[in-house]
Structure formats: structure tokens, C-alpha cells
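Here is the structure we will look at, set down as C-alpha cells.
Treat the numbers as computed from the prediction; the structure is a model and nothing was measured.
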Amino acid sequence: MSDKRRKWHERLQVTLWTLIVPPTVWAVHFLFAYLWAAVSCAKTGFFAEFPTLFTAGTVLALATISLSGWIAHRQTRLRGDPPPHERGTDIDRLRFLAKSTLLLAGLSFVGVLFTALPVVFIGDCR
Amino acid sequence: MRRSVAGKFLPLWPLMLAGCNRHQSALAPFGLEARSTLSLTVVLAAGGLVIALGVAVIYAIAARAPEGRLTHERGMRLVLWLGAVFPTVVLTALLIWSLPAMRPLPATGQDLHIRVEGEQFWWRVAYREAGRDPVLSANEIRLPVGRTVVFELTATDVVHSFWIPGLAGKMDMIPGRTNRLVVKAEKPGRYRGVCAEFCGLSHALMAFDVIAMEPAAFDEWLAVARIPPRPTDSAIYHRGEMLFAREGCGSCHAARGTPSGEIGPDLTRYGERLTLGAGILAPTPGNTAAFIRDPHRFKPGARMPAYRHLRQDEALALAVWLKQSGAQEAKR
């Protein structure tokens, strides 16, 4: 199968850079949540009842993490080459990175969710 | 056979039941917030127990199973589902379920506001209603059942913490800052609150009575409390009043018909209080007299000076006067 006939996401490859996407999104979202709370509390004394911007930002973060997790998931499922992926070959490096990205994406997804829920549910600034 | 440490103390366990009571216990709620906290605690404890038992069962099966019964892949899958997915789902569900309980109850400016200031080692209380003068009191809080009440909590010296276990969670009282605690009592009765943050020598002796009343009874009590005190014409009244003035009690305490001091607890309705010295003694004339003559015996570190020079009969006369004046107020 030539590169052109593969779907766009199949052409994407996990690298050390894509590996850090999920935790980076988590970190940015975390900062965003704190800034959101600090600014809302300083300006109004409480959080907005249904903070649309915050919810949209959270959905975007979750979508980005899900996408990188899904791409990584596709690449862990390429046929052949049973585990453990510990040799210095290209395919082992790819599978290792893909698996690590997938696990990090899972962790980051839960992290973003657990950060966002209190912000959405608790409107109290104490 | 060796007995475990817990086993050795087995005969002492029933003694722990002596701690059970209904006037100061988070396990005997009389308010909305404490009730939801209790149900949350019960669900968490039961859920934790079920999970612990489940882990024990899996451990027992795993320890007995012959080696190689589980393939590496199935083992890894078990770790993924029971070790990562299951706890995540359970924790997320718990978070979503418990978050609404953490929101404060809604309150408006029309609700009764009770300002409570923590001081070493007593409570300054002011009932504030929109557009009216506050009613001052000390070491006792009365609440109408079924109505939303907003506590405004602060402190004047060190950090205290306001905790009525049967009503709601604790809330810090911080000098220079006012914290709000919104509550709703559900059952009338007599309860107790405490200071829950170490605040000095008599921290453990800093408590207060809480009386949850039917709304009509509460309204009547508050209306009576608003009426300015009228002096009574009796020998005992005049002697008490004379002693109160002579000893300079009024420079710290407000009491009916005396110039009002604001340093110590307000004694205007002392006669109707259920305890003496912020929840530590029965308010009998004998105890009151003993407290006046030597407060530090009962409350180490209290700011009130000792009045040892008072004769016992004088201290008693003062106690009876304080007791009577409040009691007359309450009856009226």
C-alpha cells in the first residue's frame, strides 16, 4: 500500500514529540483551570454557572488527547513483532513510543477530567 | 497462640461506645449538610469495604492457583482492567456524585445571618436580620428549624474553627476575614458545637450550645430578645446591680440595665443560657459564683481577672442576679 492511498492518520507517526502531546495538553489545561478560577473569583467572586469557555476548552483538550491516543493505538496494533519491544530497531522504537503515548493519553484524559469537574460543579471561591 | 494488639484490647472496645451521643456527633445529624456528609461517608465506607474484600478474595485465589494458570497476556489484561480502568471509573463516579454535595446551599440577603466571632476562649454572637439592629449574645446559638441560616464567621485574635458536628462541616474563623457557612437545621433539639482548631490553653474548653427551635418559637424568642431590658424593683436585683457596678464588671460585660462593655461575653440573657463559661459548666448560681471568683480554675488562660476578694455571699448574689435577670427575660 502506497503512502498516498493510506488514510491521513495512518500517515502520522508517533515520535518523541507526539509522545509529549497528551501530558502537555494536560498541563496547559491545568494552568487554564487555575487561571480561569483566579480571574473569575477576582472579578465576580464566584465562578460562572455554566462556564461555556471553560467547558469548550476542556472538550478541546480531551479531543486532542483522545486523537493522539487513538493514533498511538492504531500504531500499537500493526501486525507482527510480538512484545517485548526492547531492541534498537525502528519498529520496536515505534511500538514502544506508541504504547507509551497511549498510556500517557489515558492518564492525561483522566487528569483533565478530574481537574475540570470541580471547576464546573463548584462555583465557590473559598 | 499470639493475640493481636487489637485483640488484647478487645474488652476495652465497648468503652468506645461511650463516645456515642446525639448532641455532638457527625453520626447523629440534625442538619441538611451533616446528613449528606453522613450518607457520603457511609457509602464510601461500604464501597471501600467491598473493594477491600474483593482484593482479599482475588489474593486468596491467586495465592492458591498453580503457576502458569494465567497467561502473561491475560495477567496484563487483569492488571489493566482491575488496576487502572476499574479504579478510574469508580473514582470518576464518586467525584461526579459527591461534587454537588460540596456546593454551598443557596442563600439570600433576606435569610437570617448570624455573625459569630471566635475569641480566646468564647464566642461572640450577633443575630442580624435585614434592616434591623443586631441582637447580641454569646456562647449559645439558636436556630430556626427548616430555614436557611447564614453564619458569618471570623475571629479577633487567633485562628479558631467553628464546628457543629450534627449540623455541618467545620469552617475556619480567621482574623481579618469573614467566611460564610450556609446551614439548614432539620430537627429541633439541644446540640453542641466546639472550636476545632487549636487556639490556646483553653481550646478544649471552648464550646457552645446550639438550640434548634421551631420557627414560630424562634421568632418569638428573637422578638423578646429585642425588647430593651427593664429593671426589676427587688432587693436582690439592687444588690446584684450594685455589685456589678462596684466591681466594674460592666467595663467588659454588657448586662441588662448596665453600661455596656464589649470586651467580654454579653450577659444580658445569661439566665436562659444552658451552660456557663462557653459550654463547660452547668450555670447554677454556685458554679457562676465560683467562676467569678476564680475563672482560671475552670478556664486556664482566660482574659477575665479573678475576683477572689469578693466574699462568697457577694459572688453568689451577683450570680443570682445574673441568673434571674436572664430568666425573667426568657419568661416574658
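- For residues 100-117 of chain A, the interface with chain B (any heavy-atom pair closer than 4.5 Å) comprises Val110(A), Leu113(A), Phe114(A), Leu117(A), sorted by residue number.
- Between Asp111(B) and Arg147(B) there is no salt bridge, since no side-chain N of the basic residue sits under 4.0 Å from a carboxylate O of the acidic one.
- Note on ring orientation: taking the six-membered ring where Trp is involved, the planes of Phe162(B) and Phe151(B) are tilted (angle from 30° to 60°).
- In this structure, Glu186(B) does not pair ionically with Lys184(B), as no charged nitrogen and carboxylate oxygen lie closer than 4.0 Å.
- The backbone N or O of Glu140(B) sits nowhere less than 3.5 Å from a side-chain atom of Trp123(B) that would complete a donor-acceptor pair.
- Within a 6.0 Å radius of CD in Glu262(B), no more than 12 heavy atoms belonging to other residues, nucleotides or ligands are found.
- Around atom CH2 of Trp81(B), no more than 12 heavy atoms belonging to other residues, nucleotides or ligands sit under 6.0 Å away.
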